[in-house]
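What follows is a set of notes on a single structure, which appears directly below.
The sequence lines fix the lettering, A, B, ..., with proteins before strands; numbering per chain opens at 1.
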2 protein chains.
Amino acid sequence: MARKTGSHSDITGPRIRAEAQRLFARHGFAAVSMRQIAAAVGVQAGALYLYTADKESLLVDLLKGHMDDLLAAWAAQPRGGGALARLERFVRFHIRFHLDRAEVVFLSYMELRNLGPENFAQIEALRRSYENELEAILKAGQAEGVFALPDTKLATLAIIAMLTGVNTWFREGGRLSRDTVEEIYWDMARKAVAA
Amino acid sequence: MARKTGSHSDITGPRIRAEAQRLFARHGFAAVSMRQIAAAVGVQAGALYLYTADKESLLVDLLKGHMDDLLAAWAAQPRGGGALARLERFVRFHIRFHLDRAEVVFLSYMELRNLGPENFAQIEALRRSYENELEAILKAGQAEGVFALPDTKLATLAIIAMLTGVNTWFREGGRLSRDTVEEIYWDMARKAVAA
DNA sequence: TTTGATAATGAACATTCGTTCAGATAACTT
DNA sequence: AAGTTATCTGAACGAATGTTCATTATCAAA
C-alpha cells in the first residue's frame with residue numbers, strides 16, 4: 001500500500017495539526033510521540049514529514065497561529081468609547097476567545113519552554129503586543145480619572161492572569177453559563193481597577 | 001567502583017529531589033530523563049532507584065510535599081481579626097510563599113497530567129482544601145457586609161489565579177520589590193471584592 | 001489512456017528511554 | 001579487626017524515540 005484513496009493534503013494537513021494540538025494539550029509536548037499523532041490521524045509516522053519539518057515546528061505552528069488569531073480577532077472588535085467601555089469589551093472578549101480555544105491556550109502557557117530561543121522570542125513578542133492592548137486601555141482610564149492604578153503594567157498582568165484562570169476550572173454544562181462567568185469576572189475586574 | 005567516600009542517604013536523597021525539581025521545572029517532566037537527574041546529582045542512574053520506586057513517584061513526592069508545606073505554613077499564620085484583615089494576610093502570604101518556591105509552583109501547575117488518577121486526585125484534594133481557606137474568608141466578609149460577591153467560589157479562583165500569576169513575570173532584582181508587588185496586588189484584590 | 005505529480009507506506013537508522021541486578025566498596029557495629 | 005549493612009557502579013534489557021528514504025498507489029492533467 002502507498003497513497004490512500006481519497007487522500008488529499010488539504011485534508012491531512014489540518015488533521016495533523018488538530019490531532020497534534022489535542023494530544024499535546026492532553027499529555028504534554030514531550031510526552032507525545034510522532035507515531036501517536038500519526039496513529040490519531042490514521043497514517044504512518046513518515047507521512048507527517050510531508051507536512052512539518054520536525055516535531056518542534058508542529059508546536060511552533062500551533063502557538064504562532066493561535067497568537068495571530070488572537071491579535072486578529074481583537075483587532076476586529078469595535079474600538080470606540082471611553083476606557084470603561086473598552087475595558088469591558090476586552091474582558092468579555094478575552095474570556096470568550098480563550099474558552100473557545102482551551103486546548104491551544106493550555107499549550108501556549110505550558111510548552112513555551114520546548115521552543116528554541118528564536119521561536120520563543122517570537123511568541124513572546126506577540127504575547128507582549130496583546131498585553132499592550134490592555135495596558136493602553138488602563139492608561140487611558142488613568143488619564144480619564146476613572147481608574148486608579150499604582151502600576152498599569154502590573155494591573156495588566158494581574159487582570160490577564162485572572163481572566164485566563166477561567167480556563168483552568170470552567171467546564172461546559174457546569175454550574176455556570178459562559179455569560180454568567182463573563183458577568184462575574186467583569187464585575188471583579190471593573191472594581192479592581194476603579195478609581 | 002561502588003559506594004563513594006562520604007556518601008550518605010541523608011545527603012543523596014534530598015539532592016535527588018532538589019535536582020529533579022530543578023530539571024522538571026526547567027524542561028518538563030517528560031523531557032527529563034532519569035540519567036539527566038543522576039548526572040546532576042553526580043551518580044549513576046541505577047542509584048536513583050534506592051530513593052524512588054519510579055519516575056512518577058519522584059514527581060508525586062515533590063508535588064505532595066509542596067502542598068503539605070503550603071497548608072502547614074498557612075495553618076501557622078495568625079488567625080484572628082475581621083474578614084478584611086484575614087484577606088490581607090492571605091494575599092500577602094500567598095504571594096510570599098509562592099515567590100519563594102517558583103520552581104515547584106510551576107511544576108504543580110504544569111505536570112499534574114503526568115500523574116496517575118489516584119495521585120492526581122490526592123493532589124487535587126489538597127489544592128481544594130487550600131482554596132477552601134480563602135473561600136471561608138470571602139464568605140465571612142460577605143456575612144459581615146464588607147465584601148459583595150455574586151459567587152464566592154468564582155471569586156476564590158479568580159483571586160488565586162491573579163495572585164499566582166505573579167510567578168510568571170516576577171524576577172528578583174527587577175523593577176519592583178516583593179513588598180511593592182504585595183502592596184499593589186493587595187490593593188487590587190481588596191477593591192475587587194469590596195462591597 | 002497514458003503520464004507526471006502527489007500522498008502515503010513500511011522498513012530501517014542510530015539513540016535514548018526507564019528499570020533491573022549482580023558485584024564492589026565504604027561506613028558502621030561489635 | 002572482623003563482619004554486617006548501606007550505598008553505588010556498570011552493564012544489560014527490551015521498548016520506544018525522531019527522522020530518512022526507496023518504493024508504491026492514487027489523483028489530476030494531457
Side-chain angles (χ1 to χ4, degrees), chain A residues 1-24 26-63 107 111 113-116 119, chain B residues 1-63 107 111 113-116 118-119:
Chain A
M1 257 202 296
R3 182 172 187 166
K4 297 204 179 150
T5 81
S7 76
H8 216 313
S9 76
D10 294 345
I11 296 171
T12 308
R15 287 208 49 206
I16 289 174
R17 279 186 287 277
E19 294 296 343
Q21 178 174 109
R22 196 177 60 85
L23 290 167
F24 288 163
R26 194 154 339 212
H27 306 106
F29 175 77
V32 173
S33 72
M34 294 301 264
R35 284 173 179 82
Q36 284 176 56
I37 298 169
V41 174
V43 107
Q44 293 298 317
L48 299 185
Y49 291 85
L50 262 356
Y51 301 91
T52 186
D54 51 25
K55 197 186 174 192
E56 179 176 337
S57 300
L58 208 46
L59 179 61
V60 173
D61 286 350
L62 291 172
L63 299 189
L107 272 188
E111 308 291 0
R113 58 185 169 185
N114 289 300
L115 266 35
N119 284 325
Chain B
M1 256 200 298
R3 182 170 186 167
K4 297 200 178 157
T5 82
S7 75
H8 217 314
S9 74
D10 295 344
I11 296 172
T12 307
R15 287 208 51 206
I16 289 175
R17 280 186 287 276
E19 295 295 343
Q21 177 173 111
R22 196 177 60 85
L23 289 167
F24 288 163
R26 195 157 335 215
H27 306 107
F29 174 76
V32 173
S33 71
M34 295 300 265
R35 284 173 178 82
Q36 284 175 58
I37 298 169
V41 174
V43 108
Q44 293 297 318
L48 300 184
Y49 292 85
L50 262 355
Y51 301 92
T52 186
D54 51 26
K55 199 187 175 191
E56 179 175 337
S57 299
L58 208 44
L59 179 61
V60 173
D61 285 350
L62 292 172
L63 299 189
L107 273 188
E111 308 291 1
R113 58 187 167 182
N114 289 300
L115 265 36
E118 67 300 333
N119 284 325

Whole-Å distance between D:dC27 P and A:D10 CG? 14 Å

Consider side-chain contact (heavy atoms from CB on, under 4.5 Å). Of B:T52, B:L58, B:I11, B:D61, which one does B:I16 pass it with? B:L58

d(CE, A:M34; P, D:dT20) in whole Å: 10 Å

Where do B:E111 and A:R113 come nearest, in terms of heavy atoms and distance? OE2-NH2, 2.9 Å

Please determine, for the side chain of B:V43, which listed nucleotide (C:dG18, D:dC8, D:dT17) has the closest atom? D:dC8

Residue B:Y51, side-chain atoms from C-beta onward, closest of D:dT7, D:dT9, D:dT19: D:dT7

For the student: nearest non-hydrogen atoms of B:Q36 and B:L23, plus distance: O-CD1, 3.9 Å

For the side chain of A:Q36, starting at C-beta, report the closest nucleotide among D:dT19, C:dG18, D:dT17. D:dT17

Separation of A:L63 CG from A:Q21 CD (nearest 0.5 Å): 9.0 Å

Between D:dT17, D:dT19, C:dC17, which one does the side chain of B:R35 approach most closely? C:dC17

Measure from CD1 on B:I37 to P on C:dT19 and round the result to the nearest Å. 10 Å

Output the distance between atom CZ (B:R35) and atom CG (B:L48), rounded to the nearest 0.5 Å. 10.0 Å

Return the value, rounded to whole Å, for the distance between atom CG of A:N114 and atom P of D:dG18. 12 Å

Return the CG to NZ distance between B:N114 and B:K55, rounded to the nearest 0.5 Å. 8.0 Å

Considering every strand and a 4.0 Å limit on heavy-atom distances, what is the contact class for B:V41: base, sugar-phosphate, or nothing? nothing

Would you mind telling me which of D:dC27, C:dT19, D:dT9 lies closest to the side-chain atoms of A:T5? D:dC27

Do the side-chain N or O atoms of B:S33 get closer than 4.0 angstrom to the phosphate oxygens (OP1, OP2) of C:dC17? yes

Nucleotide nearest B:Q44 when distance is taken to its side chain, options C:dT9, C:dG18, D:dG10: D:dG10

Quick one: A:I11 CD1 to D:dT26 C1', roughly how many Å, whole number? 13 Å

Report the distance from atom CG of A:L48 to atom P of D:dT20, rounded to the nearest whole Å. 12 Å

Ranking C:dA7, D:dC8, D:dT17 by distance to the side chain of B:T12, first place goes to D:dC8

Kindly compute the distance separating CZ (B:R26) from CG (B:L107), expressed to the nearest 0.5 Å. 11.5 Å

Looking only at the side chain of A:Y49 (C-beta and beyond, no hydrogens), which of the listed nucleotides C:dG18, D:dG18, C:dA8 gets closest? D:dG18

What bend angle does the helix from C:dT1-D:dA30 to C:dT30-D:dA1 show across its length, from five-pair end axes and to the nearest 10 degrees? 10°

The side chain of B:K4 is closest to which nucleotide in this list: C:dG18, D:dC8, C:dA8? D:dC8

What's the separation between atom CZ in A:R17 and atom CG in A:L62, rounded to the nearest 0.5 Å? 8.0 Å

Separation of C:dT19 atom P from B:L50 atom CG, nearest Å, is 14 Å

